[in-house]
There are 2 protein chains.
Amino acid sequence: MPIDRKNEILPGTLEMLVLKTLSLGALHGYGISQHIRQLSKDVLQVEEGSLYPALQRMELKGLVSAEWKITPTKRRARYYKLTAAGRKQLGIEQSSFARVVEAIATVMQPES
Amino acid sequence: MPIDRKNEILPGTLEMLVLKTLSLGALHGYGISQHIRQLSKDVLQVEEGSLYPALQRMELKGLVSAEWKITPTKRRARYYKLTAAGRKQLGIEQSSFARVVEAIATVMQPES
DNA sequence: CGGCATACATAGATCACCTATGGGTAGGTG
DNA sequence: CACCTACCCATAGGTGATCTATGTATGCCG
């Protein structure tokens, strides 16, 4: 099946969204998912099967660091926070994304 | 290697860009590639290894139709044009894309 | 005590895209 | 003429992000 974009994020943007979310404060996976979903009014649905592997990749790359903690609701959860490299990467991805989206907008603009 | 976005289009947007280009008139693959590249001021580089398979997929899906012709420069080239289904699909993808980009912008907005 | 929301994790598959490579032609230039 | 560059098509092979599906476990509420 081709790309569906019904409940789905744009490939390549998940990492940026996660970095941005974590720039507001440390958070666990489930919380990240909820945050993105709520802010985007359910347009961006971050599937768990996408998010957890992404977090692991990002930890491997040194963009985030992780720590087991207990949530306010008394559950064990893995809290992630931005590293310095992660904060830098957020800036890079953000401007790169803006650049590409603007280029796409230019191409999509011609009236006829 | 992770996503590079140096010369590269956003995954999932190539089809939309091609549909838009063809909505301006029938064109061959090479011309489509040049058009997107020039309009985007070299930001969007459509690789041939991405484009030709994409055109074939789109033909299979009935979004475009193809015909061998001779270019003004006297070369044989495969001209593609939008079908009715393709024009409809362009509208769908365009609004879907706008919707997702706006959602991303909302998530990326919070100041701190 | 059954069900739901919370919370993490992985295997397997898919699919768009990239890299690399191949072939071929028209037109100009040394 | 030989060569080069721009034009034009095509495919094999690989990568990598994402999705689907599934599994585990716990706190809480009715």
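- Put simply, CD1 on B:Ile32 is 15 Å from C1' on D:dC7, counting in whole angstrom units.
- Taking 4.5 Å as the limit, every side-chain heavy atom of B:Arg37 sits out of range of all side-chain heavy atoms of B:Val46.
- If you measure from atom CD of A:Gln34 to atom P of C:dA5, you get 11 Å, rounded to the nearest angstrom.
- Applying the side chain to side chain donor-acceptor pair (under 3.5 Å) test to A:His35 and every residue at least two apart in sequence or in another chain returns A:Thr21.
- Summarising the geometry, the separation between CG on B:Leu63 and C1' on C:dA16 is reported as 15 Å, rounded to the nearest angstrom.
- Across the protein-nucleic acid pair, B:Glu47 atom CD and D:dG14 atom C1' stand 15 Å apart, rounded to whole Å.
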For nucleotides 22-30 of chain D, give me one character per nucleotide, 5' to 3': B if any protein heavy atom sits under 4.0 Å from the base, S if the only such contacts are to the sugar-phosphate, - if neither. ----BB---
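- A:Ser50 has no side-chain polar atom (N or O) that falls below the 4.0 Å cut-off from OP1 or OP2 of D:dA17.
- At the heavy-atom level, B:Gly49 lies under 4.0 Å from base atoms of the strands shown.
- Taking atom CG of residue A:Leu10 and atom C1' of nucleotide D:dC19, one finds them 15 Å apart after rounding to whole Å.
- Listed nucleotides C:dA7, C:dA9, D:dC9 differ in distance to A:Ala77; the shortest reach to its side chain belongs to C:dA7.
- Taking only side-chain atoms of B:Arg57, from C-beta outward, the nucleotide of C:dA16, D:dC9, D:dT18 with the closest atom is C:dA16.
- The A:Tyr30 side chain lies nearest to C:dC8 when the options are C:dT10, D:dC8, C:dC8.
- Among the nucleotides D:dA10, D:dC8, D:dT18, the one closest to any side-chain atom of B:Tyr80 is D:dA10.
- Closest non-hydrogen pair, B:Ser50 versus B:Leu14, comes out as O-CD2, 3.8 Å.
- Here D:dT20 presents its C1' atom at 15 Å from CG of A:Leu51, a figure rounded to the nearest Å.
- No more than 12 heavy-atom neighbours from other residues, nucleotides or ligands sit within 6.0 angstrom of CD on A:Glu102.
- In this structure, A:Ile70 places its CD1 atom 13 Å from C1' of C:dC8, rounding to the nearest Å.
- Nearest heavy-atom pair across B:Ile9 and B:Gln45 is CG2-O, 4.3 Å.
- Contact annotation: A:Thr71 side-chain N/O to C:dT6 OP1/OP2 distance is not under 4.0 Å.
- The CD-P distance, from A:Glu93 to D:dA17, rounds to 11 Å in whole Å.
- Annotation: side chain of A:Glu15 is in contact with side chain of A:Leu63 (closest heavy-atom distance under 4.5 Å).
- Residue B:Tyr52 has no polar side-chain atom (N or O) positioned under 4.0 Å from OP1 or OP2 of D:dA10.
- A close approach under 4.0 Å does occur between a side-chain nitrogen or oxygen of A:Gln56 and OP1 or OP2 of C:dT10.
- For the pair B:Leu44 and B:Leu17, the minimum side-chain heavy-atom distance is below 4.5 Å.
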